[in-house]
Engineer: 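Pasting in a structure now, in structure tokens, and then I'll have a few things to ask.
In what follows, chains are A, B, ... by sequence order, proteins preceding strands, each numbered from 1. Quick note: numbers below take in every heavy atom, side chains included, and nothing from hydrogens, waters or symmetry partners.
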Protein chains: 2
Amino acid sequence: MPRPRSSAIWFTDEPDRRPRLSRERITRAAVDLLDVEGVQGLSMRRLAARLGAGTMSLYEYVSSREDVLDLATDAAIAEIEIDGIDGLPWREALSRQLRRSRQVMLRHPWLPALMATRPLLGPHALARSELVYALLHRAGLAGPRLVAAVGALTYYVQGFTAMENAWRGQQPDPAAEAELRRQAQQYLDRRGEAHPTLAQHADLGRDDFDASFQLGLDVVLDGIAAQLGTAGPPADGSGAEGSGRS
Amino acid sequence: MPRPRSSAIWFTDEPDRRPRLSRERITRAAVDLLDVEGVQGLSMRRLAARLGAGTMSLYEYVSSREDVLDLATDAAIAEIEIDGIDGLPWREALSRQLRRSRQVMLRHPWLPALMATRPLLGPHALARSELVYALLHRAGLAGPRLVAAVGALTYYVQGFTAMENAWRGQQPDPAAEAELRRQAQQYLDRRGEAHPTLAQHADLGRDDFDASFQLGLDVVLDGIAAQLGTAGPPADGSGAEGSGRS
DNA sequence: CGGTTATCCGTACAGTGTACGGAAGGAGTC
DNA sequence: GACTCCTTCCGTACACTGTACGGATAACCG
């Protein structure tokens with residue numbers, strides 16, 4: 001049933017300007033929808049409904065669902081603040097910056113998984129990369145060693161936060177979430193003979209994610225500091241066992 | 001059309017024993033299917049077809065598609081060898097072990113993304129965790145610092161390999177893959193003014209993933225070595241800015 | 001006025017996960 | 001042998017998915 005398009009326009013004041021949709025509007029709606037429903041819950045139909053548009057209208061601005069996910073990813077990354085760390089020594093600056101990254105990834109729990117599974121070439125992602133690259137370059141790293149250090153930091157933040165979100169899971173209730181972790185801990189203890197070290201030191205009940213995050217981050221930062229102290233690569237000692245394809 | 005169930009059994013020799021399906025058979029088929037079609041390509045219908053069974057028969061052994069993915073994840077993890085690193089010093093042992101992990105994650109490109117997005121509590125995953133925990137515990141770490149070190153290593157391996165697989169992408173052809181990277185590099189250079197450090201040091205054309213992986217791994221291992229040298233935590237210097245929920 | 005182009009979107013198709021309920025046959029009990 | 005119960009198998013159905021195709025409308029340009 002096509003609605004009557006041009007009836008009684010004199011009743012409405014300036015009802016619809018020409019382009020109702022846009023890449024930006026779609027992106028914003030996608031981020032909102034992802035926050036509420038998760039990656040599985042973002043469908044083109046729901047997204048269009050949220051914008052008051054027909055489903056296929058989206059495809060005027062967006063080439064596929066994957067495209068929407070790319071846009072939403074870069075838009076969420078844009079929320080990571082990048083100012084206010086100018087005067088700090090490199091270690092403090094990185095610590096601050098990566099804590100900011102984690103905060104945004106907690107606000108958008110779908111983000112780390114998407115970041116880990118696609119090349120990040122959006123403008124905001126590149127700007128955040130540039131910041132970390134520049135900080136470490138000024139600290140004294142360059143070339144492949146610089147790239148390696150950035151990778152170690154980036155993957156740590158993404159991995160930690162992805163796992164944090166996985167544990168928080170679909171449970172928005174912190175009590176239910178704690179209960180789930182308690183059960184997992186019990187399961188771990190029950191099978192404790194098979195993995196004693198794990199059972200003894202891993203503490204799933206602990207929910208001080210902030211401190212845990214910082215502890216692991218300090219490991220990587222210590223590694224970078226060590227690299228800054230040495231000129232050449234550390235004594236390697238063994239070649240790659242069964243190297244990659246080709 | 002229900003097939004005639006008991007006609008002419010005397011023609012067939014022992015045609016079908018009772019339980020044709022099993023959790024193990026489903027798991028093996030799922031891994032095979034994931035290798036060929038990826039996570040998107042694994043559907044319950046295709047999986048059942050590959051096993052010569054009806055779709056709904058799977059649900060006798062498996063509670064959902066998510067369950068299948070959990071099973072496949074642990075089964076793939078089981079392919080990571082864990083022997084033969086007994087006598088080695090901790091650093092060599094970890095290097096070897098994590099290179100093995102990467103090799104398996106390259107053989108099963110879907111694996112790192114699944115590992116990053118779910119708690120890994122399967123028996124084989126726990127056994128691999130125990131190995132890393134035990135190595136670092138013997139090296140001198142314990143408690144939260146041990147957990148943090150394991151996290152830094154694990155997330156690095158997962159993140160690096162996920163990104164490596166993302167770049168390799170759907171392109172099985174290494175030439176097409178190199179071409180894609182070359183285009184991305186050009187794009188990066190074109191926008192080079194916005195991120196000079198990135199443009200100058202990141203080298204997408206480089207495809208020596210083995211060496212790059214090792215370089216980043218050495219950063220994290222250096223960090224662990226540094227932690228082993230100190231008793232207390234390194235001077236922190238700044239509290240968490242805007243701590244997590246609750 | 002006619003033609004082009006941009007925007008919107010209804011319909012259709014092939015495919016998805018899984019709830020439900022039924023059928024077949026083995027096992028146990030009288 | 002007859003009865004019941006339980007395990008295994010799975011056909012059907014439903015609500016939902018991404019998106020190809022082509023038609024409708026209207027703004028803009030000559």
Side-chain angles (χ1 to χ4, degrees), chain A residues 1-10 12 14-27 29-30 33-34 36-72 110 114 118 170, chain B residues 1-10 12 14-27 29-30 33-34 36-72 110 114 118 170:
Chain A
M1 180 179 56
R3 62 194 160 87
R5 182 76 79 131
S6 57
S7 73
I9 29 170
W10 44 85
T12 82
E14 209 88 344
D16 48 313
R17 277 253 165 277
R18 268 305 32 191
R20 310 200 295 110
L21 260 43
S22 71
R23 236 150 182 277
E24 287 70 25
R25 250 168 67 69
I26 292 175
T27 304
L33 190 51
L34 283 165
V36 178
E37 307 276 5
V39 178
Q40 306 277 1
L42 181 136
S43 79
M44 300 303 275
R45 267 171 255 257
R46 292 225 255 203
L47 183 55
R50 189 170 263 252
L51 288 159
T55 305
M56 294 312 290
S57 304
L58 300 180
Y59 287 90
E60 287 294 327
Y61 302 89
V62 139
S63 69
S64 66
R65 194 183 102 114
E66 274 304 297
D67 198 5
V68 175
L69 293 180
D70 284 344
L71 288 173
W110 43 273
L114 291 189
R118 66 201 66 222
Q170 336 302 41
Chain B
M1 178 180 59
R3 63 192 160 90
R5 182 75 80 130
S6 58
S7 74
I9 31 169
W10 44 85
T12 82
E14 210 89 343
D16 49 312
R17 277 256 167 273
R18 268 310 26 194
R20 311 199 294 112
L21 260 43
S22 70
R23 237 152 182 275
E24 287 70 24
R25 251 167 67 70
I26 293 175
T27 304
L33 190 51
L34 283 165
V36 178
E37 308 275 7
V39 177
Q40 305 277 2
L42 182 135
S43 78
M44 299 303 274
R45 270 172 253 258
R46 292 225 255 202
L47 184 54
R50 190 170 262 254
L51 287 160
T55 306
M56 294 311 290
S57 304
L58 301 180
Y59 287 89
E60 286 294 327
Y61 302 90
V62 140
S63 69
S64 67
R65 192 184 104 112
E66 273 305 296
D67 197 5
V68 174
L69 293 179
D70 283 344
L71 289 173
W110 44 274
L114 291 189
R118 66 202 64 224
Q170 338 299 40

Engineer: Would you mind listing every salt bridge (charged side-chain N to carboxylate O under 4.0 Å, His left out) that reaches into residues 52-65 of chain B, with sequence neighbours excluded?
Structural biologist: none

Engineer: List the atom pairs, donor and acceptor, that lie under 3.5 Å between side-chain atoms in residues 41-57 of chain B and the rest of the protein, sequence neighbours left out.
Structural biologist:
unit_1  : atom_1 : unit_2  : atom_2 : d
B:Ser43 : OG     : B:Arg46 : N      : 3.1
B:Arg46 : NE     : B:Gly41 : O      : 3.3
B:Ser57 : OG     : B:Gly54 : O      : 3.4

Engineer: Please report the interatomic distance OH(B:Tyr61) to OG1(B:Thr27), rounded to the nearest 0.5 Å.
Structural biologist: 12.5 Å

Engineer: Give the rounded distance in Å between these two atoms: CG of B:Leu58 and P of D:dG11.
Structural biologist: 12 Å

Engineer: With rounding to the nearest 0.5 Å, note down the distance linking CD1 in B:Ile26 to OH in B:Tyr59.
Structural biologist: 10.5 Å

Engineer: So, is A:Ser57 near the phosphate of C:dC9, with a side-chain N or O under 4.0 Å from OP1 or OP2?
Structural biologist: yes

Engineer: Please work out which residues in residues 42-55 of chain A have a non-hydrogen atom less than 4.0 Å from an atom of DNA chain C and list them by number.
Structural biologist: A:Arg45, A:Ala53, A:Gly54

Engineer: Output all residues satisfying side chain to side chain contact (heavy atoms under 4.5 Å, CB included) with A:Gln40, sequence neighbours left out; order by chain, then residue number.
Structural biologist: none

Engineer: Which is it for B:Leu71 and B:Val62 under the side-chain contact (heavy atoms from CB on, under 4.5 Å) test, yes or no, and what are the steps along the way?
Structural biologist: CA-CA 9 Å; B:Leu71 289 173; B:Val62 140; 3.9 Å; yes

Engineer: C:dG15 C1' sits how many Å from A:Arg65 CZ, rounded?
Structural biologist: 15 Å

Engineer: Does a side-chain N or O from B:Arg20 land closer than 4.0 Å to OP1 or OP2 of D:dC10, or not?
Structural biologist: yes

Engineer: B:Glu66 has an atom CD; how far is it from atom C1' of C:dT18, in whole Å?
Structural biologist: 14 Å

Engineer: Tabulate atom names and distances for all N/O pairs under 3.5 angstrom spanning the protein and nucleotides 20-23 of chain D.
Structural biologist:
none

